[in-house]
Amino acid sequence: MQSLFRVLTTITIILAASLIMVVAWLQPPTAQSQTVPPVFDTEQLSTNISQLKIEYRAELEAYRKEEQRYQIAKVQHEKLQTLSSLEELVRSTQSGMQTRNQVLRTYFELLRLRLQQQPGIDLDLKQKASGAVVARIQLLEKYKQTLQPTLDKPELQEVGRTFAEDVRTIEDTAYQVISLLALGELQTLYDKTLQLTATIKSETATQGGALKIAQRDRAFGETERLLTQVKTEVSDIELRLTNRSSQPYQTLYLQGVDDLDAVSNQLAQALSYLQEILQL
Amino acid sequence: MKDPTLNQTQFSQEKPLFEQRVESKPEAMPPASDLVENPRPRRSLIFVIGGIVLVVLIAALLILAIIFRSAEPEQISEELIETMQTESSSPLQLRLNELKAELRTADPNQEELPFPPINRQLLIEPLRQ
């Protein structure tokens with residue numbers, strides 16, 4: 001019996017050890033086991049943006065529920081026309097306004113950080129947009145203060161009326177930033193493509209025979225022509241954003257999406273050319 | 001000459017001695033019951049069974065581990081596969097692949113932060129024009 005017990009104990013220990021080893025092998029490497037890179041401001045900025053995005057989604061969800069409550073209260077009051085139904089409508093309106101304000105406040109904070117993070121934007125345009133974003137955040141802060149105490153029907157109606165006017169400016173600033181972010185992304189990609197083209201050109205300059213070098217030179221010529229075209233189009237879009245008169249940014253953005261799309265396709269074509277050059 | 005084996009007197013005297021030898025022969029052999037109860041073969045049998053069970057279980061664990069590992073790449077995105085495939089490629093090829101991936105992410109048709117879908121007319125009464 002003792003020998004049987006010993007054998008079973010040994011088997012159990014070996015099995016437990018094997019199981020632990022297998023589980024450890026299957027586990028993905030933990031953060032501790034990986035080399036921890038030094039924390040830069042850009043990384044901190046990315047972390048803050050990710051956290052704000054999570055907050056923004058949660059606030060948007062809360063706002064949707066409040067708006068639903070407001071819609072129900074509105075229908076109820078239209079039917080019943082009682083003081084209690086009016087009270088419920090007033091309270092749900094104020095609650096809806098508060099959550100809507102919070103959604104916009106977080107959204108503009110996100111825009112502010114993304115603008116700060118995005119390279120490839122003309123400094124003057126960036127500063128103007130950044131100033132506009134801060135002004136909108138301050139405006140939303142004022143609304144927050146106004147909506148903190150319990151307001152009555154006429155007071156809430158007045159807040160709703162002024163907001164309906166201000167929301168146009170608020171939305172226009174948002175589109176100003178959205179346009180710059182899209183432009184900045186493509187400008188950054190253009191700069192990187194230009195750098196990569198120069199590096200490939202210098203590193204492959206002497207590779208292969210005379211025929212190969214001549215073929216590669218023609219390919220580089222075509223790629224550079226395409227990139228010059230991209231540069232011209234990016235500059236045109238930037239100029240339109242700088243010299244806009246009274247045209248809203250939303251209109252400019254919607255008109256510019258096709259142009260941005262064309263630039264994106266041209267950059268993809270240039271990268272495809274570079275792929276071919278590398279395989280020559 | 002007289003054959004000594006035919007001497008009956010001597011035989012009758014030595015007979016009990018022969019009988020004792022004959023009788024003691026079966027006593028020298030271990031009884032059949034003792035052979036069965038011998039612990040050595042039983043212990044080796046337990047070791048053999050234990051060993052087989054151990055090998056089978058370790059093999060099963062390894063197979064499970066291999067199945068789980070081979071199932072993981074199915075969940076990996078195409079971009080990651082592309083990155084993994086190019087791990088052995090040249091630095092220039094790697095930079096080119098990174099740029100391609102960045103360009104796919106920066107699609108101008110997909111707004112990263114669209115304006116929130118809010119109700120602009122959150123009012124108790126509709127506004128008078």
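Chain A is the first sequence line, chain B the second, and so forth, proteins listed ahead of strands; every chain is numbered from 1. What you see below is based on every heavy atom in this structure, not just the backbone, and it leaves out hydrogens, waters and symmetry mates.
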I would like to know whether B:L99 and A:L274 meet side chain to side chain contact (heavy atoms under 4.5 Å, CB included); could you show each step before the answer? CA-CA 11 Å; B:L99 266 179; A:L274 288 177; 5.9 Å; no

Non-hydrogen atoms of chain A under 4.5 Å away: do they reach the side chain of B:P114, the backbone, both or neither? backbone

Can you say whether A:E59 sits under 4.5 Å from chain B via the side chain, the backbone, both, or neither, judging by heavy atoms? neither

Of the backbone (N, CA, C, O) and the side chain (C-beta and beyond), which part of A:V103 lies under 4.5 Å from a heavy atom of chain B, both, or neither? side chain

Quick one: which of A:L260, A:D258, A:T93, A:L189 has the most heavy-atom pairs under 4.5 Å with chain B, could you say? A:L189

Any heavy-atom pair between the side chains of A:P154 and B:I124 that's under 4.5 Å? no

Identify which part of A:L196 has an atom lying under 4.5 Å from any heavy atom of chain B, answering side chain, backbone, both or neither. both

Contact class of A:A268 relative to chain B, heavy atoms under 4.5 angstrom: both

Looking at A:L183, A:V263, A:L186, A:D259, which one forms a side-chain contact (heavy atoms from CB on, under 4.5 Å) with B:P108? A:L186

Separation between CD (A:E171) and CZ (B:R120), nearest 0.5 Å, reads 4.0 Å

Closest heavy-atom pair and its distance - B:L103, A:S264: CD2-O, 3.7 Å

Would you confirm whether A:Y70, through its side chain, and B:L123, through its main-chain N or O, come within 3.5 Å as a donor-acceptor pair? yes

Measuring from atom CD of B:E102 to atom CG of A:L267, what distance do you get when rounded to the nearest 0.5 angstrom? 11.5 Å

Ignoring hydrogens and angles, tell me if any N or O in the side chain of A:R100 forms a donor-acceptor pair with the backbone of B:N119 under 3.5 Å. yes

Relative to chain A, which segment of B:E98 carries a heavy atom at a distance below 4.5 Å: side chain, backbone, both, or neither? neither

To the nearest 0.5 Å, what is the distance between OG (A:S179) and CD (B:E111)? 8.5 Å

So, A:Y107 side chain and B:L113 main chain: donor-acceptor pair closer than 3.5 Å or not? yes

Picking from A:R161, A:E203, A:R114, which has the most non-hydrogen pairs under 4.5 angstrom with chain B? A:R114

Can you tell me how far CG of B:L122 sits from CG of A:N101, rounded to the nearest 0.5 angstrom? 11.0 Å

For A:Q68, is the CD atom crowded, meaning more than 12 foreign heavy atoms sit under 6.0 Å from it? no

If I measure from the heavy atoms of chain B, does A:L278 come under 4.5 Å with its side chain, its backbone, both, or neither? side chain

Would you give the length of the straight line joining atom CG of B:D107 to atom CG of A:D261, rounded to the nearest 0.5 angstrom? 6.5 Å

Residue, of A:M97, A:K153, A:E185, that accumulates the most heavy atom pairs under 4.5 Å with chain B: A:K153

Among A:V159, A:V90, A:V167, single out the residue with the greatest number of heavy-atom pairs under 4.5 Å to chain B. A:V167

Which atoms of A:T188 come close to chain B, meaning under 4.5 Å heavy atom to heavy atom: side chain ones, backbone ones, both, or neither? neither

I'd like to check A:R64 versus B:P117 (side-chain heavy atoms, cut-off strictly below 4.5 Å). Are they in contact? yes

Highest number of heavy-atom pairs under 4.5 Å with chain B: which of A:T199, A:L181, A:L156? A:T199

B:N97 versus A:Q275: any side-chain heavy-atom pair under 4.5 Å? yes

Honestly, the part of A:L60 sitting under 4.5 Å from a heavy atom of chain B is side chain

Interchain contact, B:P91 with chain A, by part (heavy-atom threshold 4.5 Å): neither

d(B:Q93 CD, A:I200 CD1) to nearest 0.5 Å is 8.5 Å

Any side-chain heavy-atom pair of A:Q250 and B:F115 under 4.5 Å: no

Check: B:E125 main-chain N/O paired with A:Q157 side-chain donor or acceptor under 3.5 Å: yes

